[in-house]
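All values below were derived from every heavy atom in this structure, side-chain atoms included, with hydrogens, water molecules and symmetry-related copies excluded.
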Amino acid sequence: MSTLTRLRLCGWLCLLPVLPLAGRLFWLQLVRHEAYEAKVDRSVERQDLEIIPRGRILDRDGRVLAESLPAWSAFLDLKALADMDQPPERVLARIGEALGLEDAELRKLARAERRTVWLKRKMDYDDARRLRALDLPCVGLEPDELRGYPNGALARPMLGEVNSEGRGAAGLELAYDRSISGRAVPVRLRRDGAGRSIRRDDEDPALTPPDLTLTIDRAAQFFAEQALDEALAARRAAGGVVIVQDPSTGEVLAMAVRPADARRNHAVQDVYEPGSTFKLVTAAAALENRTLKPGELVDCEDGRWQVAPSVTIKDHDKQGRLDLADIIKHSSNIGTGKLGLRLGAKEFFRFSRLFGFGYKTGVPLPGESAGLLPDGPADDVRLANAAFGQGVAVTALQLSAAFAAVANGGTLYEPSLVRAVGAQPPRAPVAVRRVASPETVAGLQEMFIGVVEEGTGVSAKIPGYSAAGKTGTAQKIDPATRRYSATDYVASFAGWVPARRPRYSILVVIDTPRVGYYAAEVAAPVFSQVARRLLALNGVPPDRPLSVKGRVHVENTPAPKPVAPAPSPSPLPRHPSLPRPSFLRSAPRA
């Protein structure tokens, strides 16, 4: 045997012990790999639930109006409590001290017939830390979320609220609950020997709820609520509404509501008699139908008109013969009532519906009312009263949208509160219909400018800016007598600014003021205050010269040229037409 052969034989003999090891490694690494990997995963990995927070609600500039914060909910295991070495009373006393709960409340929970009971829902970090420090086996913690509103009560009637289960209960929180609702998702955690997490599976971005972006401007909302609060305090009123819209798109920039109840929005859920602001409809119908001949005057009966043997309509001041512009400027109920009788019930209520009254606006807020509009023939008394806003009922948002339509040149837009959900492109304005011909709308605009210049709305003037609008003072129904009250009124003012290039349409409604009650002294100044702040905030240049103290006012300053209304985004018929009944629900009978 040669030396080379002996060396080879020795080499193979040295490798013999390695062969079983190699076979074992082959068995473990290739044949049994998946089984052993699953066994290791079961020992170091665990599955847990994680709360994906509810989507945020943002204003038009991305500022947070509502968001969800991490929280914890604590529960008590009654069986584990009974099995503890310590007396249950002592354990409950320690829990009550940590969470600030009364002993009587805890004892009541301990007597429950269930296995587990909730101790405290949606706790903050400090409560959870104190509870963990007790290290009690009968107390458990679960991840939860707490809905927070960083601006306090700002816009709460519109935003709404969520319930204890984290689901929307009112307002936009309820309307968009399916879209922005949070959820619990399973996650896999890998832990080291000390129990610390060392790896976590990536989250699925599709599971994260989208944010809800509104048309609301937080600054405009603050100005509207502040002005409304000041007016209610000064007038000792029961409540009120201020709505600010962009007349060119129908977007709601602010919706201030008092009382500020997160579960009830008086701007869309409650109706009221609009009073003289409803003369908008009568004037539009009279102009469109040419009810008055050029230069024709209406006898306003020196302030008292007996429309029926037992019914007398009165004006707040005595007026003689007036044309249509002066009827609106001086807010003559008698003149407007006579125009309503000339129009007839069919034509008057047709125009009422053209302006959106009697139908829901379509705004995404639960519980919206369609208002109350008579359906069918009406006698002279009812028709004359309806012509100046008695016997009909509207929501504040309906009236705001109607005046915004006149401000933008005649296009009634669907009021919008939501711009986008998540990363969707902003929602385009929805043009419902044209309310009247361009000539009629131009005539209405001039009339409402005259109301502010030298009529009942002079207290709505804004230094340096032109404005247009209409006052309305309506008596309320006394629930005890079922008749109009002699002490309770609703004062309102609706208009827009600047008059020729409208940027804002503003509605002010003050309910049951006790210091004064005429709209000219109660509601119109609030319009002026809100408009001044909005114009200054957005740097809208004045369209009128400011008078300087101590200098002679120049009377022949050229007036700004009228600007044609902006075209609507969708083609609309020149003459008004009612929508098909299948698209809009008619209002119930009054």
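Looking at V490 and Y517, their side chains never come closer than 4.5 Å, going by heavy atoms from C-beta outward. Annotation: side chain of K476 is not in contact with side chain of Y489 (no heavy-atom distance under 4.5 Å). With a 4.5 Å cut-off on side-chain heavy atoms, I327 and T336 count as touching. Between M255 and L365 there is a side-chain heavy-atom pair separated by less than 4.5 Å. Under the 4.5 Å side-chain criterion, counting only non-hydrogen atoms from C-beta, M447 is not in contact with K470. Between V406 and W496 the shortest side-chain heavy-atom distance falls below 4.5 Å.
Judged by distance alone, with hydrogens and angles left aside, the side-chain atoms of T471 form no donor-acceptor pair with the main-chain N or O of G457 at under 3.5 Å.
A cation-pi arrangement, defined by a distance under 6.0 Å to the six-membered ring centre and an angle within 45 degrees of its axis, is absent between K314 and W305. Remark: R544 fails to qualify as a cation-pi partner of Y465 under the 6.0 Å distance and 45° angle criteria applied to the six-membered ring.
Contacts of D299 classified as side-chain hydrogen bond (donor to acceptor under 3.5 Å, both in side chains), with partners at least two apart in sequence or in another chain: none. Considering only residues two or more places apart in sequence or on other chains, D315 meets the side-chain contact (heavy atoms from CB on, under 4.5 Å) condition with C300, S332, N333, I334. With sequence neighbours excluded, the residues satisfying side-chain hydrogen bond (donor to acceptor under 3.5 Å, both in side chains) with R264 are D270. Partners of T249 by side-chain hydrogen bond (donor to acceptor under 3.5 Å, both in side chains), not counting sequence neighbours: none found. With sequence neighbours left out, the side-chain hydrogen bond (donor to acceptor under 3.5 Å, both in side chains) criterion links S485 to T487.
We find that R63 and D217 are joined by a salt bridge, their nearest charged nitrogen and carboxylate oxygen being less than 4.0 Å apart. By the 4.0 Å N-to-carboxylate-O rule, R263 lies too far from D261 to be salt-bridged with it.
Judged purely by distance below 3.5 Å, without hydrogens or angles, the side chains of T456 and S331 never pair a donor atom with an acceptor atom.
Residue pairs meeting the salt bridge (Lys or Arg N to Asp or Glu O under 4.0 Å) criterion with at least one member in residues 273-286: none, sequence neighbours excluded.
Within a 6.0 Å radius of CZ in R514, more than 12 heavy atoms belonging to other residues, nucleotides or ligands are found.
Aromatic ring centres of F448 and F403: separated by under 6.0 Å. Between F357 and F349, the ring center distance fails the sub-6.0 Å criterion.
Taking the six-membered ring for Trp and thresholds of 30 and 60 degrees, F527 and F493 have ring planes inclined between 30 and 60 degrees apart.
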